[in-house]
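I have placed the structure first, in the form of C-alpha cells, so that the comments after it can refer back to it.
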Amino acid sequence: MTRLTAVARRAEALLGTAVIATSPVAGGDTCTSTRLRLSDGTTALIKTHPHSPGDFFATEAAGLAWLAASETLPVPAVLAVDTDCLIVRWVESGKPSGDAAATFGAGLARLHASGVGPGQADGFGAKNDG
C-alpha cells in the first residue's frame with residue numbers, strides 16, 4: 001500500500017484518524033474506490049465522486065443503515081459520509097461456496113419477509129429509491 005495524499009487527507013478530515021496507507025480498489029463504474037489502512041488498526045473503504053448529486057452518498061448510507069437495522073444480512077458499518085464520499089468498514093472477501101450462497105439467500109429471504117422496505121412508514125424506509 002502507498003498513500004494517495006488527497007484521498008488520505010479527505011478521510012482523515014472526516015474520521016479524525018490518520019491514514020497510514022491507501023490502495024486503489026478495482027470495480028465500479030461511477031465512483032473511485034480506495035482501501036484505507038488507518039492508524040487505529042481499522043481498514044476501511046472510501047468511495048469518492050467529486051461531482052455527485054448532493055444526496056448521492058447520503059442515500060447510499062441511508063440504504064446501508066436500513067439494511068443493517070433489518071438484522072437479516074451482514075452490512076459494512078458506515079464510518080463517515082459527505083457530499084463527495086462515503087467511508088465504510090472494509091469487508092474482506094471470502095471464497096464463494098454453497099454454504100455462503102445458502103446463508104446469503106436465507107438472509108435475503110428474511111429481509112423480504114420482514115415487510116420492511118423503502119417507502120414504508122415504519123421508520124426504516126428511504127424517501128428516495130437508491
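Computed from heavy atoms alone, side chains included, the values below leave out hydrogens, waters and symmetry copies. These numbers come from a predicted model, not from an experiment. In what follows, residues are counted from 1 in the order of the sequence shown.
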Which atom names give the shortest non-hydrogen contact between [X] and [Y], and what distance separates them?
{"X": "D84", "Y": "S52", "value": "CA-OG, 4.4 Å"}
{"X": "V19", "Y": "A8", "value": "CG2-O, 3.7 Å"}
{"X": "I20", "Y": "S39", "value": "CD1-CA, 3.4 Å"}
{"X": "L45", "Y": "W90", "value": "CD1-CZ3, 3.8 Å"}
{"X": "R35", "Y": "V25", "value": "N-CG2, 3.5 Å"}
{"X": "P76", "Y": "V91", "value": "CB-CG2, 3.7 Å"}

For the atom pair [atom1] ([X]) and [atom2] ([Y]), what is the distance rounded to the nearest 0.5 Å?
{"X": "E12", "Y": "R10", "atom1": "CD", "atom2": "CZ", "result": "11.5 Å"}
{"X": "T32", "Y": "I46", "atom1": "OG1", "atom2": "CD1", "result": "10.0 Å"}
{"X": "L64", "Y": "T59", "atom1": "CG", "atom2": "OG1", "result": "11.0 Å"}
{"X": "D40", "Y": "T17", "atom1": "CG", "atom2": "OG1", "result": "5.0 Å"}

query: R37 side chain to A21 main-chain N or O, any donor-acceptor pair under 3.5 Å?
result: no

- prompt: Can you list the steps and then say if L73 with L111 is a side-chain contact (heavy atoms from CB on, under 4.5 Å)?
  reply: CA-CA 8 Å; L73 295 166; L111 176 65; 4.3 Å; yes

message: Using the rule given for side-chain contact (heavy atoms from CB on, under 4.5 Å), can you reason through L15 versus L79, listing the C-alpha separation, both sets of side-chain angles and the distance that settles it, and then say yes or no?
response: CA-CA 7 Å; L15 298 172; L79 303 177; 3.8 Å; yes

message: Assess, by modelled atom type and distance only, whether the side chains of S97 and D99 contain a donor and an acceptor separated by less than 3.5 Å.
response: no

task: Please report the C-alpha distance between D82 and F57 in whole Å, then the side-chain angles of each, then the deciding distance to 0.1 Å, and finally whether the side-chain contact (heavy atoms from CB on, under 4.5 Å) criterion is met.
output: CA-CA 7 Å; D82 206 349; F57 288 113; over 6 Å; no

query: Is T48 close to T34 at the side-chain level, that is, under 4.5 Å between some pair of heavy atoms?
result: no

- request: Would you check if V7 and L36 make a side-chain contact, meaning some heavy-atom pair closer than 4.5 Å?
  value: yes

